[in-house]
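First up is the structure itself, then whatever we jot down about it.
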Amino acid sequence: MVNLQDLNPAQREAVTYCDGPSLVIAGAGSGKTRVLTYKIAYLLEQGMAPWNILALTFTNKAADEMKNRIARQVDSEKAQRLWMGTFHSVFARILRIEATSIGFTSNFTIYDAADSKSLIKTIIREMGLDDKQYKPATVAAHISAAKNRLVSPEAYAHDITCIRADQASRMPQITDIYARYAARCRQADALDFDDILVYTYALFSQHPDIRARYEDRFHFILVDEYQDTNFAQHAIVWQLAEHRQRLAVVGDDAQSIYSFRGANIDNILSFQKLYPGAKLFKLEQNYRSTKNIVGAANSLIRHNKGQIPKEVFSEKPDGQPLHVSGFMSDIEEAAAVAKHIHNLCDYDHVGCHEIAILYRTNAQSRTFEDALRKLGIPYRVFGGLSFYQRKEIKDMIAYFRLAVNPNDEEALRRVINYPARGIGQTTLQKVADAAVAAGVGPWQVVADPDSYNTGISKATAAKLMAFADLIRSFAADVTHTDAATLGRRIAKESGMESEIFRGREPEDISRQENLQELLNGMNQFVDERNEEDGPDRALMTHYLQEVSLISDLEESNDDSDEKVSLMTVHSAKGLEFRIVFIVGMEENLFPNQMATSSLRELEEERRLFYVAITRAEELCYITFAMNRYRYGKQEFSTPSSFLSDIDDKFILKRDPSASRQSSSDAGGPRAMSPTPPMSRFGRKTAPESPFAYRSKTPPTGSHAENAAQPSGSRWHSIFSSGAVAATPGGKSVESATTAQGTLRVGSVIVHARFGRGHVTALTGQGVDAKATVEFDNVGSKQLLLRFAKFTIV
DNA sequence: ACTAATAACATTTTT
DNA sequence: TGTTATTAGT
């Protein structure tokens, strides 16, 4: 039963308005999922049949969560019959049914990103292009962007903007690559991720009768995370909703952080133009975070223009300000965070699972892993290689794919010689040549090498045929053997099992466990399907359909195991934690260097920071380091300019590891979380700045000695005036004055740690003044003159 | 045809 | 620094 009393007025209005289009702007933590689930329950209660409701999400996780929550409100029988899932899974399902209308078979393969890239690479090579100039990843990104905008290869060739852009990036032949790639996918009976949307749109626009059928089916459409839709998704929703105009989209423009994947924030910003009369509902009460956290996030995001105006507020306690702290190095940063977590757990009875460390890039996780491990704090790193991306799993699945669709070129390439069966590079090249010459897929040649002009020896041809026979024998079982049984058979007869079970190294064991897990998962899949849908729905085809659109098996989020979560800000979206550490808050890292060229990109980085802050319920710590190892080299960094975007009244600038010293600080940690004494750092005020700190072991020697051991010796808080740089890397300057005199380009210096070198460039003014120095022994480095210890020769 | 060595390289990544 | 892809060597 739907109890509308559970909702606040804004939520209730959004739930009960069902007669036309509506846009629900849901601020962070405002109960977005709640509105979606209640709305679906409400529609069902109003008498709408579940199969007339289409609910689209971006992740399987979101879809599952919604399903579960709805099942709690209405009977699960009904919940089962909803059309609910990710864009890709719902439309892949429809495409399988309608496959022949777009010239594919219902057994089509879904190429993942790696498959696409690999195929693009082979096409680039076949065209005789230089793959340094045409980097497969870059080309793939261009093609993907085109597809996201529904630009076909033909349209691409005539699109002045695309052509110009490709010429500018010295890749004029991308349009050819795109055309060949599309043809090759078709030949392999394969769709990539983007194609699922592209061909859905094509299906509906080329076959009005089919479109009408689905328009007729979906009486109400709901879309989650609308700010993350790309143009193709936006257009498909329009195809299905145009006639009835009965849809509700939910999202938050302030949390749009996937433009690099083709998401277009304009879709949500201009929703009311496309759907005139669309009702706008704003969910502005944040139920997650304290007033301070919400206030800080608001003050930050105000610096972005072009957003839907809203005022998110909280009725929770004020809580503590955001704690911002600087450290001398990334190592110290990690150590201090780990130490602080240790204390929170020990003295404040915080569970580790209530804490998250969020960073901009995956590479940052290592330092924190080391620091946490040192203190014996349990942690869990999210992201990284997912189960289905591991080699042994991909190999196994490639066999499955071949069994269902032997034309799957990428699967064939992957396992034709794994385990090794004497089909080497030369043979493969000959097969590829013959296939291209004859205009067929490589499988045709492998299956019948004698019929093509391959120049392959008799013995090798026999190996090819043996492989083809093997695949055909698997294929013969596809329609009448369940996925798990066939899977075990393939594992044995392909030789993969004995290959993997040969080794005794720890990593071999892990591969064996993975294979075992895969097969177990297949058993589970078959059992579930047998119960729910009957045995003919548990075939390999169905298994692959499911598996190729899933990236995360490892979401077995055992709340039982208490671990600190480590993840990128991106993967934290949608999650919440009592205590959040946002680390590496430095210019060129966050905002990332790659995203500083345009305002658009910079604003997306700012939204990313917004997402990070709003993950926190109670406490938010922000840290940065003045020195950081990047690509194996130590580099200087400055605090992120985003820090100065947050209103000062929400921030406490301090060292988390010195918390006990600061009991006098207004709103200090005692207010909410009596952070215990913990620091091995005392806190003293350095003479040159009221806000510079010194370690407990004061530097005894000269400047040189001090700098020779920077770690743990001395660090500056961002209190040091101006340390929060507004912009990175200022303009070139002619000279800079240092304590020892004037530094010019060409000056020779001796650095305490790096030795002798000469200045090649000077940039920045005042506290941001930097020198680029070419050192005799250690290469080029940037020195921040405010901190660098050296003498001018 | 496989392994070892080396060079190039490097955001984020729901599907 | 750490991975990944190509190349050289056996």
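Computed from heavy atoms alone, side chains included, the values below leave out hydrogens, waters and symmetry copies.
- Within the 4.0 angstrom heavy-atom criterion, base atoms lie near Ala595(A).
- Using a 4.0 Å heavy-atom criterion, one finds that Tyr258(A) contacts the bases of the nucleic acid, with or without backbone contacts as well.
- In this structure, the CG atom of Asp224(A) is 16 Å from the P atom of dT14(B), given to the nearest Å.
- Judged by ring centres under 5.5 Å apart and planes tilted less than 30 degrees, Tyr629(A) fails to stack against the six-membered base ring of dT1(C).
- With distances taken from any side-chain atom of Lys135(A) to the nucleotides dC9(B), dT13(B), dT15(B), the minimum falls on dC9(B).
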Study note, to complete from the structure: With sugar-phosphate taken as primed atoms, P, OP1 and OP2 and all else as base, the protein-contact string of nucleotides 3-10 of chain C at under 4.0 Å (heavy atoms; B, S, -) is --SS----
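- A donor-acceptor contact under 3.5 Å is formed by the side chain of Arg360(A) with the base of dT12(B).
- Taking atom C1' on both dT12(B) and dA5(C), the two are 23 Å apart, rounded to the nearest angstrom.
- The distance from atom CG of Leu549(A) to atom C1' of dT15(B) is 6 Å, rounded to the nearest whole Å.
- Looking at heavy-atom distances under 4.0 Å, Gln593(A) makes no contact with the nucleic acid at all.
- With dA1(B), dT11(B), dT15(B) as the candidates, the nucleotide lying closest to the side chain of Thr426(A) is dA1(B).
- Side-chain proximity of Tyr631(A) to dT11(B), dT15(B), dT14(B): nearest is dT11(B).
- Under the side-chain hydrogen bond (donor to acceptor under 3.5 Å, both in side chains) rule, Asp112(A) has a single partner from Gln389(A), Lys394(A), Lys117(A), which is Lys394(A).
- Between Phe193(A) and Tyr111(A), the gap from one ring centroid to the other reaches at least 6.0 Å.
- Atom CE of Met594(A) is separated from atom C1' of dT13(B) by 15 Å (rounded to the nearest Å).
- Rounded to whole Å, atom C1' of dT15(B) lies 16 Å from atom CD1 of Ile94(A).
- If you measure from atom CD of Glu635(A) to atom C1' of dA10(B), you get 12 Å, rounded to the nearest angstrom.
- Residue Arg630(A) is out of contact with every strand shown, counting any heavy-atom pair closer than 4.0 Å.
- Nucleic acid contact class of Asn362(A) (heavy atoms, under 4.0 Å, all strands): sugar-phosphate only.
- Residues Ile423(A) and Glu605(A) each lie close to DNA chain B; by heavy-atom proximity, the contact nearer the 5' end of the strand is made by Ile423(A).
- In this entry the base of dT11(B) is syn relative to its sugar, with a glycosidic angle within 90° of 0.
- Judged by distance alone, with hydrogens and angles left aside, the side-chain atoms of Gln255(A) form no donor-acceptor pair with the main-chain N or O of Leu608(A) at under 3.5 Å.
- Applying the 4.0 Å criterion to OP1 and OP2 of dT13(B), one finds that Thr568(A) has a side-chain N or O inside that range.
- The residues Lys32(A) and Asp252(A) are annotated as not salt-bridged, no charged nitrogen and carboxylate oxygen being separated by less than 4.0 angstrom.
- Rounded to whole Å, the distance from CD on Gln233(A) to P on dT14(B) is 14 Å.
- Taking the ring centroids of Phe260(A) and Tyr258(A), they lie under the 6.0 Å cut-off.
- What separates CG of Leu358(A) from P of dT13(B) is a distance of 12 Å, to the nearest Å.
- Both Gly422(A) and Glu225(A) sit near DNA chain B, but only Gly422(A) has its closest nucleotide nearer the 5' end.
- As a whole-Å value, the separation of Asn588(A) CG from dA10(B) P is 17 Å.
- Note that Arg96(A) lies in the cation-pi zone of Phe108(A), set by a 6.0 Å cut-off to the ring centre and a 45° limit from the axis.
- Side-chain to base pairing of Arg261(A) with dT15(B): one donor and one acceptor N or O lie within less than 3.5 Å of each other.
- Residue Asn417(A) has a polar side-chain atom (N or O) positioned under 4.0 Å from OP1 or OP2 of dC2(B).
- Here the side chains of Leu549(A) and Phe87(A) are not in contact, with every heavy-atom distance at 4.5 Å or above.
- Using modelled atom types, no side-chain atom of Glu65(A) and backbone atom of Ala62(A) make a donor-acceptor pair closer than 3.5 Å.
- Of the C1' atoms belonging to dT6(C) and dT11(B), the separation is 24 Å, rounded to the nearest Å.
- Comment: Glu410(A) does not engage Arg414(A) in a salt bridge, judged by the lack of any side-chain N to carboxylate O separation of less than 4.0 angstrom.
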